[in-house]
Number of protein chains: 2
Amino acid sequence: MGHGQGQDRPDTRTRIQDAATVLFRRNGYAGTGLKQIAAEADAPFGSIYHFFPGGKQQLTEETVRTAGAAYSCMVLALLDSVADPVESVTHAFATAADDLEATGYADACPIATVALEVASTNETLRIATADVFTEWIAAGEQWFARWVPDPGTARSLAQSLIMILEGAFVLARAARDREPLCAAGRSMAALLRSAIEEAGRPSA
Amino acid sequence: MGHGQGQDRPDTRTRIQDAATVLFRRNGYAGTGLKQIAAEADAPFGSIYHFFPGGKQQLTEETVRTAGAAYSCMVLALLDSVADPVESVTHAFATAADDLEATGYADACPIATVALEVASTNETLRIATADVFTEWIAAGEQWFARWVPDPGTARSLAQSLIMILEGAFVLARAARDREPLCAAGRSMAALLRSAIEEAGRPSA
DNA sequence: GTCTATAAGGTGATAGAC
DNA sequence: GTCTATCACCTTATAGAC
């Protein structure tokens, strides 16, 4: 434990990054102030620039990459928790709906709002969000490859899952209704079922 | 034409709203300033409060509702321009990819960025975006109902089309790549094809 | 009705005390 | 290294001149 902390409270740097993750996810990049982040993290304002000399952009880039990787791990673990692939996809969307509802329709995708905000305004952050999505697609492709032999089909399924999930988050947060996520789960299950069926009859 | 304008330039109020539509779509709600809108519209700053006494919120609400309705009309006209439904969906996604590429990956959904930004922070604007999405789903359901008899299936297809399009816009803008929109078109075509097939054999 | 000047407060960022 | 005070700028909004 090194020089010891005396409490189980995370260090200042971690608290700042965690607070930034929460606030960017709910209020977006432009809608979140550094003072607000410092307050939420219970850290002095100057500490932000001590740990993130690059200012708001550096803090956001690290937040996007870290939260993006964590979300990927979380979703893959969720998908692995059910044996049947079609049931697993359905279950994953239902769980996403549960989480969204439980957080008052606040905690959806950790980077989507920022991604749309910076796509045309900040090249460094745009690339950070693009890298995260690329990693998600690669991970999803690997998962689908277990059930669908053709790599192109597996990749297409991974892309579609991410896209329909992102779109469902937009509609569900706007309407404060879980139904879009349920509909998304049904469509994604149908898509996967078709792909598995197709692979089952290698006639074509 | 009433008291005449002398030029074909739109009136001040329209110019302000058009400028706001463009800027909110590209930079989002919090990322766009009223001064920036006035400059882009070539209108004096005070005119914004003259025509929109409710300030930024009122301007945004009208912009969201107007741009949302216009986008719906545009997409429906596009879908009606091709006879075969599956080909039409494929064509619509390809056209969306063309438009996005032509605008430097700036002009995607006119309200998605704002929708995510305000979902947890501004109830009035959240409802405005939710109303727009509701209208889109209803219009899409009517269109799909021409090819799929079951209303629930038609509604599900409309939801899925909007969700996968929204998600594809997020990925395409982040990556500056049209491929996500192409993949989305293929998935949506497959979904529709299955639904039409299913309706064709009324055995189940 | 069109437009300018200003108000009150928030922003990201920095300098410097301790 | 932790934290405070301050900077210059920008924000939304308003008051009032023309």
Side-chain angles (χ1 to χ4, degrees), chain A residues 2-7 9-21 23-24 26-64 113-114 117-118 121-125 128, chain B residues 2-7 9-21 23-24 26-64 113-114 117-118 121-125 128:
Chain A
H3 48 70
Q5 185 85 8
Q7 289 173 312
R9 188 197 204 199
D11 62 20
T12 305
R13 204 197 134 98
T14 304
R15 291 203 317 277
I16 289 171
Q17 205 167 316
D18 289 349
T21 301
L23 290 169
F24 286 146
R26 300 193 183 192
N27 309 332
Y29 176 71
T32 303
L34 293 182
K35 289 201 172 130
Q36 194 182 356
I37 293 171
E40 178 85 9
D42 195 30
F45 180 76
S47 294
I48 292 180
Y49 283 89
H50 176 71
F51 292 109
F52 304 91
K56 192 179 190 180
Q57 178 175 297
Q58 184 191 343
L59 171 58
T60 307
E61 181 173 4
E62 292 198 25
T63 294
V64 163
T113 311
V114 175
E117 283 183 281
V118 304
T121 59
N122 186 315
E123 193 66 359
T124 302
L125 294 180
Chain B
H3 48 70
Q5 185 83 7
Q7 290 172 311
R9 190 195 202 200
D11 61 20
T12 304
R13 203 196 134 97
T14 304
R15 290 204 317 278
I16 290 171
Q17 204 167 318
D18 290 349
T21 301
L23 290 169
F24 286 147
R26 300 193 183 193
N27 309 331
Y29 176 71
T32 302
L34 294 181
K35 284 201 171 129
Q36 195 182 355
I37 292 171
E40 178 86 8
D42 195 30
F45 180 76
S47 293
I48 292 180
Y49 283 89
H50 176 71
F51 292 109
F52 304 91
K56 192 179 189 181
Q57 177 174 300
Q58 185 192 343
L59 171 57
T60 307
E61 182 173 4
E62 292 198 24
T63 294
V64 163
T113 311
V114 174
E117 283 182 281
V118 305
T121 58
N122 186 315
E123 193 65 0
T124 302
L125 294 180

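Chain A is the first sequence line, chain B the second, and so forth, proteins listed ahead of strands; every chain is numbered from 1.
Summarising the geometry, the separation between CG on A/N122 and C1' on C/dG12 is reported as 14 Å, rounded to the nearest angstrom. Between B/Y29 atom OH and D/dT11 atom P there is a gap of 14 Å when expressed in whole angstrom units. Between A/Y49 atom OH and D/dT6 atom P the separation is 18 Å, expressed in whole Å. Going from atom CD1 of B/I48 over to atom C1' of C/dA5 covers 16 Å, rounded to whole Å. Between A/D42 atom CG and D/dC3 atom P the separation is 9 Å, expressed in whole Å. We find that CZ of A/F51 is positioned 18 Å from P of C/dT14, with the value rounded to whole Å. Taking atom NE2 of residue A/H50 and atom C1' of nucleotide D/dG1, one finds them 5 Å apart after rounding to whole Å. Rounding to whole angstrom units, CD1 of residue A/I16 and C1' of D/dG1 are separated by 13 Å.
For B/K56, whose side chain is taken as the heavy atoms from C-beta onward, the closest listed nucleotide among D/dA13, C/dT11, C/dT2 is D/dA13. Comparing atom distances between the B/F45 side chain and each of D/dA13, C/dT2, D/dC3 picks out D/dA13 as nearest. The side chain of A/K35 lies closest to C/dT11, out of C/dA5, C/dT11, D/dT4.
Note that A/K56 lies outside the cation-pi zone of A/Y49, set by a 6.0 Å cut-off to the ring centre and a 45° limit from the axis.
In this structure, B/F52 reaches neither bases nor backbone, as no heavy-atom distance under 4.0 Å exists between it and the strands shown. Counting any heavy atom pair closer than 4.0 Å across all strands shown, B/G46 reaches a base atom.
Looking at B/E40 and B/Q36, their side chains never bring a donor and an acceptor atom within 3.5 Å of each other. Checked by atom type, the side-chain pair A/T21/A/D18 shows no donor-acceptor distance below 3.5 Å.
To the nearest 0.5 Å, atoms CD (B/Q57) and OG1 (B/T124) are separated by 4.0 Å.
Side chain of B/E117 to main chain of B/Y29: a donor-acceptor pair is present (N/O by atom type, distance under 3.5 Å, no hydrogens or angles).
When each of A/L34 and B/S47 is assigned the nucleotide of DNA chain C bearing its nearest heavy atom, the one mapping closer to the 5' terminus is B/S47.
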